Chemist: 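Below are the structure tokens for one structure; questions will follow.
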Amino acid sequence: MRQAFQDCCPPEDLAAIATAPAANPDFGDYQCNAAMGLARRLRQAPREIAAAAMAGAPACPAVAKLECAGPGFINITLDDQWLATQIDLMAHDFERLGVPCPGAGRTVLLDYSSPNIAKPMHIGHIRSTVIGNALDRLHRFLGYRVLADNHLGDWGTQFGILIMGYRHFADQAALASAPVEELERLYVRSYEQARADHAWMDQCRAELVKLQAGDPENHRLWQQFVDLSMGEFDRIYRRLDVAFDLTRGESFYHEQLPGLIDTLVERGLARASEGALVAFLEEEKLPPCIVRKSDGAFNYAATDVATIVSRLQEFQPDRIIYVTDERQQLHFRQIFAIARRLGIEAELAHVWFGLMRLPEGTFSTRQGNVIKLERLLDEAEARALELVRQSSPAMPPAQQREVARAVGLGAVKYADLSQNPQSLVTFSWDKALALNGNSAPYLQYAHARIRSVLDKYQERHPDIRLDSQPILLGHPLERRLALHLLRFPEAVLQAAQLYRPSILADYLYELAGHYSSFYQNLPFLKEKAGRRESRVRLCALVASVLHRGLDLLGITAPDRI
Ligand code: ARG
């Protein structure tokens, strides 16, 4: 369309000329509303502009017809034969399904999950894990070299508090049987004491400074806390099928902090203020950012700036993406500003999300911990097992459990991923496990049903080589399905570029909807030869797209449910 507008549009507006899927499929497949936008600038009637653009449109094998409608929309109808050829190409591109590799040669470092040692893994970390892992998969698929880094909070103020809690209240039996629960109790106990008692608070700070200065006893305790927590986190990651390339906590950068602080001071980027060292960011219209506290302890901001510097030196990423909850927006704006002032040019992005509410009693930010997340996953699998037993009573029990695992975990992940990440949502079992609705089980069932249709076809026609049969797009429902299939690459690209896995989730949900009208209204196994093969091939392509799309969201689609 851009070429069509070339002669009738100021060059600076050309980039904004775009087409979108038609609002009403009766009038075409795509539409272009650019003439309306240009009318005022050009002082010309939109219909005239549209007519001029249509006259200037180069012949294109993809386009069957262009029509001007209403005040000046251009409706675009694609050529059936062209569409059929594209579907055929996509079906043969079994691995990538038409998705390009724009990331080839580029490196993305993804900082996600990043829970705090010895502190509850709160709901924000779970969202970060699920959303971050989807972004990880999407970027890898698009050809980026991805380094997934779990930036553990293993060096913060919590250790002073915890060391005091451990020294005074530790229950060794509890530490042996339920270590993280006990660490959490010790932390909370000491934290509450510190809030009421200044002297206690000062001692906590002193323990932290000792730890950070390398005190062997405090270091030994610290290592013990890290190991206990990691044991639990790893269990969750295995279960969620999440893996990191690097697990480097804040402690990894500890020794680089004094040097960084010197650089900041030398370059006039930070100066002393009320005993602390502060970066003033008026130019960026941001509040001042403390990089070293008045008690001498380096803080979260200093560590994060050092982390950026170190990552750039070691990996030369083109982009660093951080996934955390919304409460850290200011923090990242500040450290990105400091990084810019240090001359760092890599793209820096903070992907934030609102907190998800979980049903009462299941999980809450205050008392949520790893154990409770595991219970949530247990319950998801148990509920899914019920569903699977009902839908496939004849399936062997071991397979039922395997499928229930995929469905239960899929439901929990998808409930998170299908939301606009920045809206506040409440998790509900009914919605997450709904078989008719925007849920993982709905998509997984659609996928499994198609697989069984394909098997049935194969049984009946074992000799027909499907992939050499022509695609025929006669019926509008067939055409609509084909058009939607061809939008898969765009959905994947957008989900990655806008950091919104929900775009892919929505795409898959719509695909399943188009498929189900196609399936319910058109015969296919009973259709006559030729058309039948074409329809079966469309089905197979839908199954591949669902399978791949769910995989990019971190969700398994079993062949049978
Ligand atoms: N540990 C932090 C928290 O729980 C999240 C870390 C995010 N990554 C980073 N580089 N700051 O809030």
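When a residue number appears, it is its place in the shown sequence, counting from 1. All figures in this text were calculated on a predicted structure; none of them were measured in a lab. Values reported hereafter were calculated over all heavy atoms of this structure, with side chains retained and with hydrogens, waters and symmetry mates removed. Atoms within each ligand, like the ligands themselves, are counted from 1 in listed order.
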Chemist: Is Phe332 touching ligand 1 with its side chain, its backbone, both, or neither, if touching means heavy atoms under 4.0 Å apart?
Modeler: side chain
Chemist: Hey, which atoms in ligand 1 end up nearer than 4.0 Å to a heavy atom of Asn116?
Modeler: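 Listed by number with element: 1 (N), 2 (C), 3 (C), 4 (O).
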Chemist: Check for me whether Arg96 meets the cation-pi criterion with Phe141, that is, NZ or CZ under 6.0 Å from the six-membered ring centre and within 45 degrees of the ring axis.
Modeler: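 The answer is yes; both the distance and angle limits are met.
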Chemist: Kindly confirm or rule out an N or O of Glu250 lying under 3.5 angstrom from an N or O of ligand 1.
Modeler: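 In this structure, Glu250 places no N or O atom under 3.5 Å from an N or O of ligand 1.
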Chemist: Closer than 4.0 angstrom, basic N to acidic O: yes or no for Glu181 and Arg185?
Modeler: no
Chemist: Has Thr307 got any heavy atom lying under 4.0 angstrom from an atom of ligand 1?
Modeler: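 For ligand 1, residue contact (heavy atoms, under 4.0 Å) with Thr307 is absent.
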Chemist: Can you check whether His331 and Trp352 have ring centres sitting under 6.0 Å from each other?
Modeler: no
Chemist: Tell me, please, whether Tyr507 has Arg487 positioned over its six-membered ring: NZ or CZ under 6.0 Å from the ring centre and within 45 degrees of its axis?
Modeler: no
Chemist: Please verify whether a non-hydrogen atom of Tyr300 lies at under 4.0 Å from ligand 1.
Modeler: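 True for this residue.
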Chemist: Less than 3.5 Å apart, which donor and acceptor atoms pair up between the side chains of residues 212-227 and the rest of the protein, not counting sequence neighbours?
Modeler:
from, atom 1, to, atom 2, distance (Å)
Gln212, NE2, Trp155, O, 3.1
Asp215, OD2, Glu217, N, 3.4
Asp215, OD2, Asn218, N, 2.8
Glu217, OE1, Arg220, NE, 3.4
Glu217, OE2, Arg220, NH2, 3.1
Asn218, OD1, Arg167, NH2, 2.7
Asn218, ND2, Glu207, O, 3.1
Asn218, ND2, Glu207, OE1, 2.8
Trp222, NE1, Asp154, O, 2.7
Gln223, NE2, Asp227, OD1, 3.1

Chemist: Return the closest protein heavy atom for atom 12 (O) of ligand 1 as residue, atom name and distance.
Modeler: Gln328 NE2, 2.6 Å
Chemist: Under 6.0 Å between ring centres: does that hold for Phe336 and Tyr322?
Modeler: yes
Chemist: Which atoms of ligand 1 are found less than 4.0 Å from any heavy atom of Thr324?
Modeler: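 Checking each atom against Thr324, I get 7 (C).
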Chemist: His151 heavy atoms, cut-off 4.0 Å: which ligand 1 atoms fall inside?
Modeler: 8 (N), 9 (C), 10 (N)
Chemist: In terms of atom number and element, which parts of ligand 1 are under 4.0 angstrom from non-hydrogen atoms of His125?
Modeler: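 Every atom of ligand 1 under 4.0 Å from some heavy atom of His125: 3 (C), 4 (O).
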Chemist: Going by heavy atoms, is Arg327 under 4.0 Å from ligand 1?
Modeler: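 Per 4.0 Å heavy-atom rule, Arg327 does not contact ligand 1.
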Chemist: Distance-only check: which donor-acceptor pairs under 3.5 Å involve side-chain atoms of residues 106-115, not counting sequence neighbours?
Modeler:
from, atom 1, to, atom 2, distance (Å)
Thr107, OG1, Arg145, NH1, 3.1
Asp111, OD1, Ser114, OG, 3.0
Asp111, OD2, Arg311, NH1, 3.2
Asp111, OD2, Arg311, NH2, 3.0
Tyr112, OH, Asn133, ND2, 3.1
Tyr112, OH, Asp136, OD2, 3.3
Ser113, OG, Thr129, OG1, 2.8
Ser113, OG, Tyr237, OH, 2.7
Ser114, OG, Tyr112, O, 3.3
Ser114, OG, His151, N, 3.1

Chemist: Is it true that Asn438 and Tyr414 share a donor-acceptor pair across their side chains at a distance under 3.5 Å?
Modeler: yes
Chemist: Geometry only, no angles: is Arg311 polar-contacting ligand 1 at N/O separations under 3.5 Å?
Modeler: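 In this structure, Arg311 places no N or O atom under 3.5 Å from an N or O of ligand 1.
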Chemist: Nearest protein heavy atom to atom 8 (N) of ligand 1, by residue and atom, and its distance?
Modeler: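 So the nearest neighbour among protein heavy atoms is Asp111 OD1, 3.0 Å.
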